[in-house]
Structure formats: structure tokens, C-alpha cells
Trainee: 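My questions all concern the structure below.
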Amino acid sequence: MKQKLINLDSTIYEHSFDKTALESLRSLDGFDTVTNFILNWTTIKWHIVQLCGSNFYVTKESCPELYNMVHEAAETLDIDRLPKIYTQWSYNINAMTTGYKNDTILTIYSGAVDLMTDPELTYIIGHELGHIKSGHVLYHVMAQFITQLISSTVLTGKFLIPIQLGLAYWNRMSEFTADRAGLLACQDLDSALSAIMKMAGIPKRYFSTADPHVFLEQANEFMHQYGDTVNSIIRNISILDDSHPWTIMRAYELVKWVESGEYQAILDGHRGKRCPTCGHFVALDQDKCPICGRKFD
Ligand SMILES: [Zn+2]
Ligand SMILES: [Zn+2]
């Protein structure tokens, strides 16, 4: 039986890489200008209209099982603003969240629905809901459109390049936070890992015999051997095929978080926020960190 994580604040589980990358992104020159421009750019509205006009709309009536699954995951993660749900015909195991201002749209690929077990699918749905809960959607949209914006010359300037790099880097880092939300939604580490393993490319005929622990060994070995190189690649390259980003690193980071005890602490009912200075968990009603003394607003 899954626990409902009542009063769950996303700052308690957000990955420090995600937070740091977003903070440095927001401090770049011209970032607010680009944000406002992108938000009002017609292309984005067209994109949303196209998405809604091409895919299957999931409602209580049209597809109750999937609809309920999304709603249950949202309830587990204590999210009350739900996205519109669509499915799209594609045998990639994936899902994506996009949106415009307060309207978010969750698109789940049919491959994810057909090829996943229920807990694995809940993990994938929880991952996307995690992007919504942490307010990632706007920046995802920006990351998606900035290349187009640069090449279309509607907004020019050298300042766009650092923003593009910053967005691409943050985009990859935000996956770690969303993976934690996915795990909190499905509450089953093996299912989370096997979902990531399927995204990494294990063929369907081996689904029933694949062992997530062997996959984890691959992840440990890979990070041991290439960890430093990976960090510099993901920091410095803006255009990569990010549709299934960095599955090995994601599995590795997710397990590291579970091993830290923070995941279990949340399941055990620990709530609160995290001190931005020292990282300590602090109860929501406290206005000062008991460890480092930082005052909260
Ligand atoms: Zn994601
Ligand atoms: Zn502190």
C-alpha cells in the first residue's frame, strides 16, 4: 500500500545539482528578458495547440485506468494542480511535460503505457509530476525553444549562448529531482530502476529476466570510470539527444539518494524544508535553521 505524502514540500527532496544549476541560470544577464520573450512567443502557443490537436486526450471517461493512475500519483505527491493528460503514439519509453503559464500538459508515449508494469509507469508519471511540482515546466519549454530562437534571429545577442548552455545543463540536472519524485510516487526502488533500465534500451524479449541490480552494477562501474568526463560533457555541451538522458547516471544518483536515508525519512513522515545554507531538514514552522542559524523568509 502506497503512502500519501501529505504536506510534501519539493524542496525536501530536490537534488542539490538541480538547485545550484537553476540559481546560476537565473543570475545570468538577460535571463528574465529571454523568459518573458519566450513566454509570449507565438511559436510556443502553436506548439501547445499542435500537441493538443494531434494526441489522444485522457479523461475519466476516455481512459479511466490511466487517468486514475495519474491522479493517484498526484495524490501521493500532494499535488493539487493536475496537468491535462494526453497519450502520443510512439514506442519510445518516455513521457514529457510542457505547458504555457498555468496550463501544464502531460504527454505519455504509448510505449511507456504498453511496455511498463503499473509501478514502473507510476514511476514515470511521478517523474513528470515532479517536474510540475518543482516548477520546472517553464524552463523545460525554454530549453526546448532556445535553439530555435537563436537560429530564427527574432532575438539576437551573444548573451543567448550562456543562457542556452545554462538551460541545457540545468535541464539534465533537473532529471535527478524528478527521478526522486518518481520514486516517491511508486515507492518501489526495483520498479524505478527497471523503468530506467527499459529506457536505457533493454530489448522487450528480456524484460522478464532483466535484473535491475546488474544494471546498477553497470551504473557504478560507469560512474567510477567516466564520472569526471561525464560531468564536463553535460556541463559544456548544449545540444545532445536528450530524449532519454543519461539513464546510467540517473540510476546511480537515485540509488545514492536512497542510500543516504533521505528517501526513507520522507516515507517515515519526515516533513519540512531544507536549509539552503547547510542542507539540514528543518520543520516547516521553524523560521531559523537550528544547525547553522540561517533565517528563513
Ligand atoms: Zn524529466
Ligand atoms: Zn542550516
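Order of appearance sets the numbers: ligands from 1, and atoms from 1 within every ligand. If you're wondering where the values come from, they're calculated on a predicted model, not measured in any experiment. All residue numbers in this chain count up from 1 along the given sequence.
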Trainee: With side chain to side chain contact (heavy atoms under 4.5 Å, CB included) as the test, pick out the partner of T98 among H140, Q144, H131.
Mentor: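 Only one option passes, and that is Q144.
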Trainee: Just verifying a value: how many Å separate S134 OG and L129 CG, rounded to the nearest 0.5 Å?
Mentor: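 CG of L129 is found 11.0 Å from OG of S134.
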Trainee: Hey, what's the angle at the Zn ion (ligand 1) spanning NE2 (H127) and OE2 (E175), nearest 10 degrees?
Mentor: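 The two atoms subtend 120° at the Zn ion (ligand 1).
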Trainee: Do you see an N/O/S atom of H140, backbone or side chain, under 2.8 Å from the Zn ion (ligand 1)?
Mentor: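 Of the N, O and S atoms in H140, none lies under 2.8 Å from the Zn ion (ligand 1), which means no.
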Trainee: Kindly indicate whether a cation-pi arrangement holds for K288 with F296, taking the cut-offs as under 6.0 Å to the six-membered ring centre and within 45° of the axis.
Mentor: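 No; the conditions do not both hold, so K288 does not lie above the ring face of F296.
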Trainee: Heavy atoms, side chains only, cut-off 4.5 Å: are Q3 and Q187 in contact?
Mentor: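 The answer is yes; the side chains approach within 4.5 Å.
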Trainee: Vertex the Zn ion (ligand 2): angle to SG of C289 and SG of C275, to 10°?
Mentor: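 SG of C289 and SG of C275 make an angle of 110° at the Zn ion (ligand 2), to the nearest 10°.
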